[in-house]
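A short worksheet on the structure shown next.
Proteins come first, then strands; the chains are lettered A, B, ... in the order of their sequence lines, and each starts at number 1.
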2 protein chains.
Amino acid sequence: MSKIKVAIVDDHQIVRDGIKSLLHNEPGIEIVSEAKCGDTIDEMINESQPEVILMDISLPGKSGIELCNYVMKEYENIKVLILSMYMNEEFILNAIKAGAKGYLPKNTSKPELLDAIKAVYNGEEYYNENISQMILKSYVKNIKQEQESQEITETLSKRELEILKLFAEGQTNQEIADSLFISIRTVESHKSHIMQKLNLKSSVDLVKYALKNKIVEL
Amino acid sequence: MSKIKVAIVDDHQIVRDGIKSLLHNEPGIEIVSEAKCGDTIDEMINESQPEVILMDISLPGKSGIELCNYVMKEYENIKVLILSMYMNEEFILNAIKAGAKGYLPKNTSKPELLDAIKAVYNGEEYYNENISQMILKSYVKNIKQEQESQEITETLSKRELEILKLFAEGQTNQEIADSLFISIRTVESHKSHIMQKLNLKSSVDLVKYALKNKIVEL
DNA sequence: TTGCGTTTACGTGAAATACGTAAAAAGCAT
DNA sequence: ATGCTTTTTACGTATTTCACGTAAACGCAA
């Protein structure tokens with residue numbers, strides 16, 4: 001069995017050295033190249049023909065996510081394994097969306113790193129327990145958020161949203177009326193409707209609602 | 001000249017290995033011990049008598065900052081050099097406050113790491129350019145923020161703050177008047193004064209101001 | 001076509017705001 | 001203690017906004 005060809009992309013020399021020393025005399029693995037960032041990724045791939053790329057997320061220039069996306073498109077046989085400090089859902093989910101085959105924290109043990117490399121090399125996916133749990137949590141959260149967002153867009157009409165936005169930006173009813181070329185009474189009506197729909201009691205709530213739902217910024 | 005005795009405290013094996021491989025055959029430096037966290041720091045120090053400790057900030061259990069503080073108190077001759085992914089002001093400033101003699105990003109070059117170790121060993125402090133600049137920026141920023149905060153507390157009286165809070169929480173003027181046992185006109189006056197003082201145009205601005213300055217929560 | 005939601009708009013009385021004025025009450029300095 | 005400043009209190013008036021009800025015009029879908 002030939003060795004698995006592994007490339008490393010990480011801007012921290014210490015991390016690169018650490019990985020190299022970890023995998024140094026592993027019989028099944030060979031480090032064929034390394035890079036600080038993704039600028040020369042094509043060159044690197046063509047020269048060293050890696051089968052697995054260990055990649056950090058935060059890189060100078062293009063992020064690991066973008067890079068992963070690119071590699072997935074151009075070299076579909078190469079497996080990308082993300083090795084990141086950051087264990088937050090956003091990064092992990094983005095990595096998965098971008099086609100990463102695995103995601104490991106940087107404090108991974110040597111056997112886990114080896115397992116992961118072998119797994120992705122064999123076409124499997126590798127996420128450790130923490131990450132699996134996190135994905136699950138995040139999924140549930142997302143669903144909930146989506147539901148909320150849907151509620152808003154379902155409940156409020158375009159016009160109502162527009163008026164809410166202008167109001168929460170600080171315009172008076174008259175200003176809103178003028179800028180939308182409608183009567184001030186209409187603006188008032190819209191606001192009433194919005195309050196009814198969202199079960200809000202005051203303009204203060206209206207402003208807070210707009211901020212919460214990122215219709216306007218603070 | 002004897003070798004500088006260096007200890008490593010970092011929960012990422014890869015990082016520890018990376019540092020070791022970087023410093024491996026440096027004539028002036030010797031890695032005398034390493035640890036994943038600060039639980040056994042006393043033991044470690046007593047056994048290996050390090051002169052410089054390379055330390056991560058984010059550690060399981062006690063943070064690098066706390067640990068640094070502790071080491072400074074108990075072993076004042078030991079120099080702590082923080083080696084962190086995180087380049088944000090807060091961490092850096094805290095590290096300095098805790099008595100760290102240097103702060104390096106993890107993507108430090110080998111010569112810089114060597115320089116830093118030698119510098120702190122010789123009783124100097126070592127911060128690279130980025131960090132020096134960051135400290136400066138942060139300092140300026142802090143000053144500004146303090147000024148702003150002062151402005152608020154200077155400008156608004158207790159009563160005004162109280163009324164702003166209740167209003168931003170969603171109470172009507174009448175409710176505020178009732179709960180403070182004052183006339184509704186008084187509440188109105190206060191609000192006017194607040195707006196004048198802060199140069200705000202509408203209640204919307206009032207609410208936003210209260211949110212910005214954390215007088216109320218969203 | 002009928003029905004439903006959206007957008008438009010008005011009427012009326014109550015509430016809030018803008019802007020000015022001003023007087024007790026409290027705090028502070030000399 | 002006395003005077004000065006700030007805070008807190010309050011009102012008047014004109015304007016604006018709110019709450020609540022009503023309703024016409026429009027589009028779209030069953």
Any B/Ser192 side-chain nitrogen or oxygen under 4.0 Å from OP1 or OP2 of C/dT17: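 So the side-chain polar atoms of B/Ser192 never come under 4.0 Å of the phosphate oxygens OP1 or OP2 of C/dT17.
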
Please determine if [X] and [Y] form a salt bridge, counting it only when a charged side-chain N lies under 4.0 Å from a carboxylate O.
X        : Y        : value
A/Glu169 : A/Lys165 : yes
A/Glu188 : A/Lys191 : no
A/Lys106 : B/Asp10  : no
A/Glu34  : A/Arg16  : yes

Nearest atoms (heavy-atom pairs only) where B/Lys36 meets B/Pro60: O-CD, 3.8 Å

How close or far is atom [atom2] of [N] from atom [atom1] of [X], stated in whole angstroms?
X        : N      : atom1 : atom2 : answer
B/Ile163 : C/dA16 : CD1   : P     : 14 Å
B/His190 : C/dA18 : NE2   : C1'   : 17 Å
B/Phe167 : C/dA15 : CZ    : P     : 16 Å
B/Met195 : C/dT17 : CE    : P     : 7 Å
A/His193 : C/dG5  : NE2   : P     : 13 Å
B/Lys158 : C/dA25 : NZ    : C1'   : 15 Å
A/Arg159 : D/dG27 : CZ    : P     : 15 Å
A/Lys191 : C/dT8  : NZ    : C1'   : 17 Å

Selection: residues 170-189 of chain B, any non-hydrogen atom under 4.0 Å of DNA chain C: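 B/Thr172, B/Asn173, B/Ile184, B/Glu188, in order of number.
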
Cationic tip of B/Lys62 above B/Tyr70 ring, under 6.0 Å, 45° of axis: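 Pair B/Lys62/B/Tyr70 counts as cation-pi.
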
